[in-house]
Amino acid sequence: MNKEDYHDLDALIPTGHTTPDDDPFGPNSIVAPKFGITVEDDYEKAPSNVTVMPSMKLTWHSICARPLTEVEEKTSILASILEAIGVYNPADPIKKHATRKLILNHCFGAAYPGEVLALMGASGAGKTTLMNILTQRNLDTVSTTGTIKINDAEVGQSTLRKLSAYAQQDDLFISTMTVKEHLNFTALMKMGKHYSSRQREKRVQSVMEDLALTKCQNTLIGNPQRGIKGISGGEKKRLSFASEVLKQLASRKNMTIVCTIHQPSSFIFSLFDRVCFMGEGRTAFLGTIAEAREFWKSLKDPVPEKSNPADHFISSLAIKGGEEAESHERATHICNSFIKSSLGQELNQTALGEESSSSSSTAISMESIWEGNAKLKGKTFQRYKATWFQQFFGLLKRSFLGNLRNPVVLHVRIFQTFGIQYIIYPTIFAAIVYWFSGLVQSLDAFLIFTLVCILVTNVGISISYMMSCIFGTVAIAINVMPVLVIPVIYFLPLRYISYFAYGYEALAVNEWSRIDKIGGCNELSKNLTFCISTGHEVIESIGFKESNLWPNIIILSSMILIFRTIAFIALWIRVETKK
């Protein structure tokens with residue numbers, strides 16, 4: 001869960017919860033325990049109260065992250081050829097390591113079941129990057145190294161993504177949906193075929209009650225920038241959180257929760273079970289709030305009374321303008337002091353975990369996570385939680401409601417439904433050209449002419465779809481299309497794959513097959529070889545067949561289907577290769 005850069009985080013507290021009158025950080029508020037991490041053995045064994053996931057201890061060690069710069073390199077003929085076929089794309093330049101320092105420098109830490117760990121630090125400390133690495137998301141701009149373990153078993157990207165939920169820093173909602181509709185859709189996608197509609201409804205209702213969203217369940221989410229009124233900012237943040245915990249509900253149910261937060265209030269800060277302060281991309285501290293007070297006190301920099309400890313800790317790690325050298329030295333000293341302390345040594349050993357001598361021991365450790373619950377494991381690692389029909393009808397309903405409640409989009413969709421560019425434009429073109437060109441004055445001939453124009457237009461659009469999906473960018477598709485399309489027009493051996501040829505033959509047959517007599521052939525001209533007197537002779541003279549009219553129309557229709565199928569396959573391959 002990523003909740004960074006929000007100063008009004010009191011909005012995260014559900015309605016009805018109030019801040020205590022007494023200062024939560026007064027002299028009598030916290031009794032400092034023994035300086036050191038106290039991790040109960042029960043953390044690794046305690047069953048989760050959630051019905052979906054077992055309890056998990058998350059540890060990380062030697063986490064490094066370096067930014068990547070985008071550098072274009074195209075110096076050979078081979079590179080140009082690869083660019084033309086879409087293997088090399090100048091819009092996706094080669095990524096190389098930047099000359100900047102490390103964003104994260106050998107970070108280590110641990111998060112435990114039933115606790116909320118807050119990642120904190122000044123801007124640029126690496127909080128969001130560490131969160132992204134722990135959940136293996138949004139890592140396109142960095143290269144990373146290090147080890148992440150769950151219950152002392154090393155796990156990879158695929159496993160981490162399946163075992164974790166991530167509430168993004170930016171809210172992504174359909175503004176025209178209500179809170180309940182959004183949660184119902186999310187429940188359908190995340191819970192899917194393993195649960196009945198009644199069970200999903202019950203889970204949604206439970207989440208809304210836990211996060212104080214019941215009163216606004218029938219209110220549109222809204223988007224002020226588009227003039228759509230909706231729920232408040234605090235309710236949006238709780239809804240964002242609810243979207244990712246439909247299967248997990250809350251931290252009190254023995255789940256492992258990690259969040260990032262910037263400048264929390266005293267009350268919000270007091271809610272965290274453990275805090276992790278970062279400085280200069282390193283772990284400066286990780287432990288309870290009481291342990292943090294004791295640690296800074298040992299550095300001869302105690303927290304002033306009646307002040308917010310979070311502000312004091314973050315300020316001591318921040319790089320201040322005009323005092324860069326002193327700030328770097330102070331942050332480095334704090335990080336080094338933590339690593340050398342008994343608290344840091346114990347945390348480092350916990351994060352390092354037991355060294356596995358073989359891959360089989362790692363497999364055994366991973367199996368121990370599920371406590372013999374093979375059914376739960378199967379549900380978790382299943383690629384799609386919802387069936388194809390559930391996904392289709394869920395998306396269809398969401399799109400329908402979104403369009404229905406947005407007048408501007410509704411009007412656009414109505415025009416698209418009637419197919420302006422696919423049907424109306426070709427029909428207008430056909431009506432103008434046909435009647436003004438003096439073609440056969442026949443309604444059925446005009447309708448066939450219009451049908452062929454519509455089909456040719458849609459074949460061209462389908463080819464554009466196919467090219468865009470294959471090559472990925474408009475620039476490359478535009479440059480490649482003439483190379484592929486022009487030979488189809490002018491080279492006779494390629495006529496069998498030319499939609500121009502099929503369209504032209506259909507139009508020619510439709511016109512000339514209805515003309516029984518062509519004037520101008522007199523007695524003298526009948527002796528000439530090339531005097532054509534009927535439309536049927538015209539068709540034969542240009543190598544066409546009257547029987548090819550409807551086969552040509554069927555071929556054009558098939559081309560639309562084939563090209564769009566290829567476009568879909570190309571798009572699917574692109575999506576799969578980027579996962």
Side-chain angles (χ1 to χ4, degrees), residues 1-19 165-192 195-253 257 259 261 264-265 267-268 271 385-386 390-391 393-414:
M1 174 180 66
N2 195 0
K3 299 289 183 185
E4 188 177 4
D5 295 331
Y6 281 90
H7 298 272
D8 59 341
L9 283 172
D10 291 297
L12 289 172
I13 305 171
T15 306
H17 293 246
T18 57
T19 304
Y166 191 16
Q168 300 285 347
Q169 184 168 337
D170 298 321
D171 299 324
L172 299 175
F173 298 123
I174 304 297
S175 57
T176 52
M177 295 185 71
T178 66
V179 171
K180 187 174 182 179
E181 288 169 349
H182 171 78
L183 292 178
N184 281 333
F185 173 78
T186 307
L188 178 63
M189 295 298 108
K190 291 182 177 291
M191 299 172 68
Y195 299 87
S196 65
S197 58
R198 183 177 180 182
Q199 289 175 313
R200 292 195 299 269
E201 177 68 24
K202 185 177 180 181
R203 183 61 58 86
V204 167
Q205 192 64 35
S206 174
V207 171
M208 289 192 298
E209 291 174 358
D210 285 350
L211 296 176
L213 294 172
T214 305
K215 292 183 179 179
C216 63
Q217 61 179 312
N218 296 318
T219 304
L220 295 180
I221 297 173
N223 186 342
Q225 296 178 350
R226 296 170 57 183
I228 303 176
K229 295 183 179 180
I231 58 180
S232 66
E235 289 169 336
K236 277 190 177 182
K237 299 313 296 182
R238 296 202 297 275
L239 178 59
S240 176
F241 178 71
S243 299
E244 289 298 336
V245 295
L246 280 168
K247 299 190 303 178
Q248 302 166 0
L249 298 184
S251 60
R252 70 173 182 270
K253 299 191 176 182
I257 293 182
C259 67
I261 190 169
S265 64
F267 176 63
I268 292 293
L271 298 178
K385 301 296 189 297
Q390 287 178 322
Q391 295 178 52
F393 287 109
L395 291 170
L396 181 65
K397 180 181 178 181
R398 186 180 72 170
S399 178
F400 175 77
L401 292 175
N403 293 331
L404 189 64
R405 293 168 180 169
N406 192 330
V408 176
V409 175
L410 179 61
H411 294 158
V412 173
R413 297 299 185 191
I414 290 175

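What you see is a predicted model, and the numbers here were worked out from it, not measured in a lab. By convention here, the first residue in the shown sequence is residue 1.
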| task | Not counting sequence neighbours, which residues clear side-chain contact (heavy atoms from CB on, under 4.5 Å) with S197? List them please. | result | R200

| query | Sequence neighbours excluded, which residues qualify as side-chain contact (heavy atoms from CB on, under 4.5 Å) partners of Q199? | reply | Y195, S196

| Can you name the side-chain hydrogen bond (donor to acceptor under 3.5 Å, both in side chains) partners of E181, sequence neighbours left out? | T178, R405

| said: Please check this pair: side chain of S206 against backbone of K202, looking for a donor-acceptor N/O pair closer than 3.5 Å. | reply: no

| field | Separation between CG of L401 and CG of L396, rounded to the nearest 0.5 Å | value | 9.5 Å

| note | With sequence neighbours left out, the residues meeting side-chain contact (heavy atoms from CB on, under 4.5 Å) with F400 are L404

| Do any pairs count as a salt bridge (Lys or Arg N to Asp or Glu O under 4.0 Å) and have a residue in residues 394-403, sequence neighbours left out, and if so which ones? | none

| remark: Closest heavy-atom pair, A187 versus V204, reported as atoms and distance to 0.1 Å, is CB-CG2, 3.7 Å

| T214 vs Q205 side-chain heavy atoms within contact, under 4.5 Å | yes

| said: Going by the rule salt bridge (Lys or Arg N to Asp or Glu O under 4.0 Å), which residues pair with E201 if we only count those two or more places apart in sequence or in a different chain? | reply: K180

| task | Find the distance between CD (Q391) and CZ (F185) and round it off to the nearest 0.5 Å. | result | 8.5 Å

| task | For L188 and Q390, work out which heavy atoms get closest and say how close. | result | CD2-O, 3.5 Å

| query | About how many Å separate CG of N184 and CD of Q217, when rounded to the nearest 0.5 Å? | reply | 9.5 Å

